[in-house]
**Q** 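This is the structure, below, for whatever I ask next.
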Amino acid sequence: MCSAPAVEITGLVKHYGRTAAVAGLSLRAERSQVTALLGPNGAGKTTTIEICEGYRRPDEGTVRVLGLDPVRDAGRLRPRVGVMLQSGGIPTAARAGEYLRVMARFHANPIDPALLLDRLGLNGCARTPFRRLSGGQQQRLSLAAAVIGRPELVFLDEPTAGLDPQARHATWNLISGLRAAGAGVILTTHYMEEAERLADRVAVVDHGELVAEGTPAELTGTAGQLRFRAEPGLDTDSLVAALPPGSAAKESPAGYYVVEVHDRVDPRLLAAVTAWCAEHGVLAQNLRIENRTLEDVFLELTGRELRS
């Protein structure tokens, strides 16, 4: 079996006119792992994935998919790679079950279409044309089409966008099954909970560059947080002064407060916060203890301002 990684990107650069969509990105994704590629809109994720899929050529740098060039070796890669797009690609008149059966015929060892229909909750609409499926059903059919050939690598672009909780969990289970079967999975998503739950490794990109990489645990660290809600505009400097050394406090957004420590929250910190609130007549509502999340890290790395 080839020992090359699922994807290996070195010094990738891609310009659109004077704009650098990707600016020297280097990234490695392994087989039998889920790699989440995260970033705000316009960060360069889609361009990077399209180059990996062979739809675009890089201006500089090298990209290898399963050890092969995605443009020059497209014919060799096509049977080994699954691609799920957010929209398009499936004929609007195609019936769901019939479409999967046709797709199965293009592969030497496909997954049983009936099994995929069942696992993704599509049995009831197997005879329904694609155009009449709900948005969530179309998403699940696109996912089924991407994995039916048992790919060695699958690219999933926002696979649970618009799905209800039941369909989201079914999709998560299917992705976990792909990894267990040895496939590499490249996942783009705006759901940080999804990335934290599924990904073995996370790569955060912004302005076309890699700004952080590691396991979810490595990125979130051991820092603990104590969160509460109160009236806006509290003096957080005064709060920090009352806390154990190494603590920090901020208000974000208005009326929502976060107290952070480098280690886990202990009784001493909790007592200090509640004592400060009592001294200043602050009624702390929804007081809770949490670990730092991937969403916290993402916002710290890419900022909180809206992107167009």
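Side chains included, hydrogens not; waters and symmetry mates left out as well; all remaining heavy atoms used. The structure presented is a predicted model; accordingly, all values stated were derived computationally and were not measured.
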**Q** Between C277 and L283, is a side chain to side chain contact (heavy atoms under 4.5 Å, CB included) present by the stated rule, with each step listed?
**A** CA-CA 7 Å; C277 288; L283 179 61; over 6 Å; no
**Q** Mind checking whether V205 and L210 have side chains closer than 4.5 Å, heavy atoms only?
**A**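 They are in contact (side-chain heavy atoms under 4.5 Å apart), so the answer is yes.
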**Q** Any heavy-atom pair between the side chains of L187 and P159 that's under 4.5 Å?
**A**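 SC-SC contact between P159 and L187 confirmed.
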**Q** Does any N or O in the side chain of N123 come within less than 3.5 Å of the main-chain N or O of A126, such that one atom is a donor and the other an acceptor?
**A**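 No: the side chain of N123 does not pair with the backbone of A126.
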**Q** Surrounding OH of Y16 (heavy atoms of other residues, nucleotides or ligands, distance under 6.0 Å), is the total greater than 12?
**A**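 Yes, because the 6.0 Å sphere around OH of Y16 holds more than 12 heavy atoms from other groups.
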**Q** Nearest 0.5 angstrom please: T188 OG1 to E194 CD, how far?
**A**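 So the OG1 of T188 and the CD of E194 are separated by 9.0 Å.
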**Q** If you apply the rule side chain to side chain contact (heavy atoms under 4.5 Å, CB included), what do you find for I186 with I49, and how did you get there?
**A** CA-CA 9 Å; I186 309 295; I49 294 299; 3.6 Å; yes
**Q** Mind running side chain to side chain contact (heavy atoms under 4.5 Å, CB included) on R64 and D69 for me, showing each step along the way?
**A** CA-CA 5 Å; R64 293 294 177 266; D69 184 297; 3.5 Å; yes
**Q** Can you find a pair of side-chain heavy atoms, one from P58 and one from K14, that are under 4.5 Å apart?
**A**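 Contact flag for P58/K14 side chains = no.
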**Q** Do Q137 and L122 have side-chain heavy atoms sitting under 4.5 Å apart?
**A**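 Yes. Closest side-chain heavy atoms under 4.5 Å.
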**Q** Considering all heavy atoms of both residues, which atom of P70 and which atom of L77 are nearest to each other, and what is their separation?
**A**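 Scanning both residues completely, I find the closest heavy atoms to be CA-CD1, 3.6 Å.
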**Q** Looking at E8, I want to see if its CD is surrounded by more than 12 non-hydrogen atoms of other residues, nucleotides or ligands under 6.0 Å.
**A**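 Enclosed.
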**Q** State plainly whether the residues E300 and R292 are in salt-bridge range, i.e. N to O under 4.0 Å.
**A**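 The answer is yes: the pair qualifies as a salt bridge.
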**Q** Give the cluster check for L37 versus L12: same hydrophobic cluster or not, with ILVMFWY residues linked at side-chain heavy-atom distances below 4.5 Å.
**A**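 Same cluster.
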**Q** Can T220 and T293 be said to form a side chain to side chain contact (heavy atoms under 4.5 Å, CB included), step by step?
**A** CA-CA 6 Å; T220 56; T293 67; 5.6 Å; no
**Q** Who are the salt bridge (Lys or Arg N to Asp or Glu O under 4.0 Å) partners of R18, not counting sequence neighbours?
**A**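 Once residues adjacent in sequence are excluded, R18 has no partner under the salt bridge (Lys or Arg N to Asp or Glu O under 4.0 Å) criterion.
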**Q** L38 versus V202: any side-chain heavy-atom pair under 4.5 Å?
**A**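 The answer is yes; the side chains approach within 4.5 Å.
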**Q** Donor-acceptor check, side chain of D73 to backbone of L68, threshold 3.5 angstrom: yes or no?
**A**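 Between the backbone of L68 and the side chain of D73 there is no qualifying donor-acceptor contact (under 3.5 Å).
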**Q** Can you name the nearest heavy-atom pair linking A272 to L243, along with the distance?
**A**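 For A272 versus L243, the nearest heavy atoms are CB-CD2, 4.0 Å.
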**Q** What's the shortest heavy-atom distance between S32 and D200, and which atoms?
**A**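 Closest pair (atom of S32, atom of D200, distance): O-OD2, 4.3 Å.
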**Q** Tell me if the CD atom of E290 is crowded by more than 12 foreign heavy atoms within 6.0 Å.
**A**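 Yes, enclosed.
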**Q** Taking the side chain from T215 and the backbone from E218, do they hold a donor-acceptor pair closer than 3.5 Å?
**A**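 Checking the backbone N and O of E218 against the side chain of T215, a donor-acceptor pair under 3.5 Å is found.
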**Q** Are V154 and Y99 grouped together when hydrophobic residues (ILVMFWY) are joined by side-chain heavy atoms under 4.5 angstrom apart?
**A**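 Yes, one cluster joins them.
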**Q** Main chain of H190, side chain of E158: is a donor-acceptor contact present, judged purely on distance under 3.5 Å?
**A**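 The answer is yes, because a donor-acceptor pair under 3.5 Å joins these two groups.
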**Q** Show the nearest heavy-atom pair for residues E196 and L294, with the distance to one decimal.
**A**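 Of all heavy-atom pairs spanning E196 and L294, the closest is OE1-N, 3.3 Å.
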**Q** Under 4.5 Å between any side-chain heavy atoms of R132 and C125, yes or no?
**A**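 Side-chain contact under 4.5 Å: no.
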**Q** Could you state the interatomic distance from CG (L269) to CD (Q225), rounded to the nearest 0.5 Å?
**A**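 One finds 11.5 Å between CG of L269 and CD of Q225.
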**Q** Please check if the number of heavy atoms outside R288 that lie under 6.0 Å from its CZ is greater than 12.
**A**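 Yes, CZ of R288 has more than 12 neighbouring heavy atoms, counting only those of other groups under 6.0 Å.
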**Q** Does one hydrophobic cluster hold both I289 and W276, with members joined at side-chain heavy-atom distances below 4.5 Å?
**A**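 Yes, one cluster joins them.
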**Q** When rounded to the nearest 0.5 angstrom, what is the spacing between CG in L174 and CZ in R119?
**A**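 Interatomic distance, L174 CG to R119 CZ, rounded to 0.5 Å: 5.0 Å.
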**Q** Judged by atom type as modelled, is there a donor-acceptor pair below 3.5 Å linking the side chain of S247 to the main-chain atoms of P244?
**A**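 Between the backbone of P244 and the side chain of S247 there is a qualifying donor-acceptor contact (under 3.5 Å).
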**Q** Any donor and acceptor pair, going by atom type alone, linking the side chain of E231 with main-chain N or O of V282 inside 3.5 Å?
**A**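 Looks like no, no N/O pair under 3.5 Å.
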**Q** When rounded to the nearest 0.5 angstrom, what distance separates CD in Q138 from OG1 in T92?
**A**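 Between Q138 CD and T92 OG1, I get 9.5 Å after rounding to 0.5 Å.
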**Q** Roughly how far, to the nearest 0.5 Å, is the CG atom of L66 from the CD atom of E152?
**A**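 The CD atom of E152 sits 5.5 Å away from the CG atom of L66.
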**Q** If two hydrophobic side chains count as joined below 4.5 Å and joins carry through other members, does V204 share a cluster with L25?
**A**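 Not linked; separate clusters.
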**Q** Which atom names give the shortest non-hydrogen contact between A249 and V259, and what distance separates them?
**A**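 For A249 versus V259, the nearest heavy atoms are CB-CG2, 4.2 Å.
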**Q** Would a hydrophobic clustering, with Ile, Leu, Val, Met, Phe, Trp and Tyr connected at side-chain separations under 4.5 Å, put L178 with L198?
**A**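 Cluster IDs for L178 and L198 match.
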**Q** D206 side chain to A43 main-chain N or O, any donor-acceptor pair under 3.5 Å?
**A**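 Not at all, since once roles are kept as given, no pair shorter than 3.5 Å links the two residues.
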**Q** Are R168 and Y191 in a cation-pi contact, defined as NZ or CZ under 6.0 Å from the six-membered ring centre and within 45° of the axis?
**A**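 Satisfied, under 6.0 Å and within 45°.
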**Q** Does R150 reach the side chain of H107, with side-chain heavy atoms less than 4.5 Å apart?
**A**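 No, their side chains stay 4.5 Å or more apart.
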**Q** If I take atom CG from residue L116 and atom CZ from residue R101, how far apart are they, to the nearest 0.5 angstrom?
**A**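 Here the rounded value is 12.5 Å.
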**Q** Side chains of L239 and Y257: does their closest heavy-atom pair fall under 4.5 Å?
**A**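 No, every pair of side-chain atoms sits at 4.5 Å or beyond.
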**Q** Under a 3.5 Å distance rule, please check whether E98 uses its side chain to pair with a backbone N or O of V102 as donor and acceptor.
**A**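 Side chain of E98 to backbone of V102, a donor-acceptor pair under 3.5 Å: no, none is there.
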**Q** For residues A104 and P113, report the shortest heavy-atom separation together with the two atoms involved.
**A**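 It is CB-CG, 3.9 Å.
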**Q** Can we say D296 and K250 salt-bridge, meaning some charged N sits less than 4.0 Å from an Asp/Glu carboxylate O?
**A**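 Not counted as a salt bridge, because no side-chain N and carboxylate O are separated by less than 4.0 Å.
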